[in-house]
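What follows is a single structure, written as structure tokens, with notes after it.
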Number of protein chains: 2
Amino acid sequence: MTRIDTSRKILDCASRMFAQHGYDGTIMDDLAEQCGVNKASIYYHHKDKATLYDNALTAIFTPIADAVIEAVEAQVEPVKQLRVHIKTFARVTADNPCFASILMREMASGGANMPVPARQQMQRILFLLMRILQSGESQGVFRSSDALIIHFMIIGTLNLFVISIPLRQTLPATDQLEQLQNSNIESAADQVATTIIASLLVK
Amino acid sequence: MTRIDTSRKILDCASRMFAQHGYDGTIMDDLAEQCGVNKASIYYHHKDKATLYDNALTAIFTPIADAVIEAVEAQVEPVKQLRVHIKTFARVTADNPCFASILMREMASGGANMPVPARQQMQRILFLLMRILQSGESQGVFRSSDALIIHFMIIGTLNLFVISIPLRQTLPATDQLEQLQNSNIESAADQVATTIIASLLVK
DNA sequence: TGGCAATGTAACTAATCGGTTAATTCCATG
DNA sequence: CATGGAATTAACCGATTAGTTACATTGCCA
């Protein structure tokens, strides 16, 4: 094991455990065992449990906001921007399912004790969406809309989709359930984007 | 204090604490203090923490599914049914914010340890939506669609909206944030319903 | 090679937390 | 009023858990 990677390995493993069991449900001894690192090493690299949590969230949230912003800024038309916004968010969320779980948990807690850096990343995504909607509105292609609702539509729908992937796979295929198309994240993002954009376009 | 009242009082208080802090984050001593009951009384009325959690979730989820189903069945046209489905779900969710928090947490955990009765109530709501979409499809008013995505759109969006109410109220009103219309749950549900229905109607 | 950051080992602590116990109080009924 | 079961209580217990400590070991690099 190279020394540099240990801190990173702890972060990755901690992210998974925080995502699956939550902050209180994550036990430091289990974490040490899970990632094959001695408990003292965890405290050596990350001061304590709370700091480790902050570090993990920052490491998860920052690249996601970065990716969405970068992808959107490569576009110029608001309609394209919005579609890329949604599709990129879907892709990066599916790439790292920890994000959806942790975000959902934090939202459930009222976001009260959510680390500031992580919250800022979510705000970056929201503000980006607001800029897209406003530029579209000022260009006359979008009608006036509530950015927050659209933000929640994107995040709520796609996060639930990503989170439920393992659940749906283990579900017994009853008659009723098998009618559900087993769509992937790509088509889910397409549907969300198409639905939202259709309702935004001025008639 | 009659027997029924104490048990009910514990359930209500436990629901709030489970919603805010999660299962592991809810401490039985705190719960006892919060609802002004001796800790042993909790164990007297509800066997243990896990049973209390099951009881609380069943008490929360069942009336919500009941209300949605009852409201939808009072309608006949699929379009009306879908709108009522969404608006009723929004109303009952807003009435009891514990529901949204707990559901989000359970989804974040992969729904693995979600009590069976609670999961069944969610399935009732999903199956109801599937029946609405299918009857609309067979009547030629709805195009073919993925019920699961629509289910997630409804639940994800509205749950996030309800959950974020306290957060948004305590947020400092920065220049950017004050542009967000402070819409209530009614108008949010209207937007969700209108958006979804518009994308479903055959052209 | 010497020094230093990093890692491992393993025991320890102080506190927390779920759950229990035995005693006590409340209250309806005969 | 007496009685017996339901409900409540204070105190306690054992297990778990976050975090610490002391020390040995490894590997990198100047």
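Hydrogens, waters and symmetry mates are skipped; everything else that's a heavy atom, side chains included, is used. First the proteins, then the strands, lettered A, B, ... as listed; each starts at 1.
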I'd like a table of atom pairs between the protein and nucleotides 15-19 of chain C - only N or O on both sides, under 3.5 Å - with the distance next to each one.
residue, atom, partner, partner atom, Å
C:dG18, OP1, B:Thr26, O, 3.1
C:dG18, OP1, B:Lys49, NZ, 2.8
C:dG18, OP2, B:Met28, N, 2.8
C:dG18, N7, B:Lys39, NZ, 3.3
C:dG19, OP2, B:Tyr43, OH, 3.4
C:dG19, OP2, B:Lys49, N, 3.1
C:dG19, N7, B:Lys39, NZ, 2.9
C:dG19, O6, B:Lys39, NZ, 2.4

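- The separation between B:Arg8 atom CZ and D:dA7 atom P is 17 Å, rounded to whole Å.
- Protein atom OH of A:Tyr53 is 17 Å distant from nucleotide atom C1' of D:dA18, rounded to whole Å.
- Distance from the side chain of A:Tyr44 is smallest to C:dA5 among C:dA5, C:dG8, D:dA7.
- B:Thr51 and B:Asp48 form a side-chain donor-acceptor contact under 3.5 Å, judged by distance and modelled atom types alone.
- Phosphate contact (OP1/OP2 of C:dG8, side-chain N/O of A:Ser41, threshold under 4.0 Å): present.
- Across C:dA5, C:dG8, D:dT8, the shortest atom-to-atom separation from the side chain of A:Val37 is found for C:dG8.
- Every residue two or more places apart in sequence or in another chain was checked for a ring pair (Phe, Tyr, Trp, His ring centres under 6.0 Å) with B:Phe142, and none qualifies.
- Between A:Tyr23 and A:Phe18, the angle of the ring planes stays under 30°, which puts this pair in the parallel group of the 30/60° scheme.
- The phosphate of D:dT8 (OP1 or OP2) has a side-chain N or O of B:His45 nearer than 4.0 angstrom.
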* To do: Decide yes or no on salt bridge (Lys or Arg N to Asp or Glu O under 4.0 Å) for A:Arg8 and A:Asp12, but give the supporting numbers first.
  => CA-CA 6 Å; A:Arg8 182 78 223 178; A:Asp12 288 342; 3.3 Å; yes
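- Within the 4.0 Å cut-off from OP1 or OP2 of D:dA7, not a single side-chain nitrogen or oxygen of B:Asn38 is found.
- The side chain to side chain donor-acceptor pair (under 3.5 Å) test with A:Ser109 is passed by exactly one of B:Gln20, B:His21, B:Arg105: B:Arg105.
- Distances shown here put every side-chain N or O of B:Thr6 at or beyond 4.0 Å from the OP1 or OP2 atom of D:dA7.
- Side-chain N/O atoms of B:Arg124 and B:Gln121 include a donor and acceptor closer than 3.5 Å.
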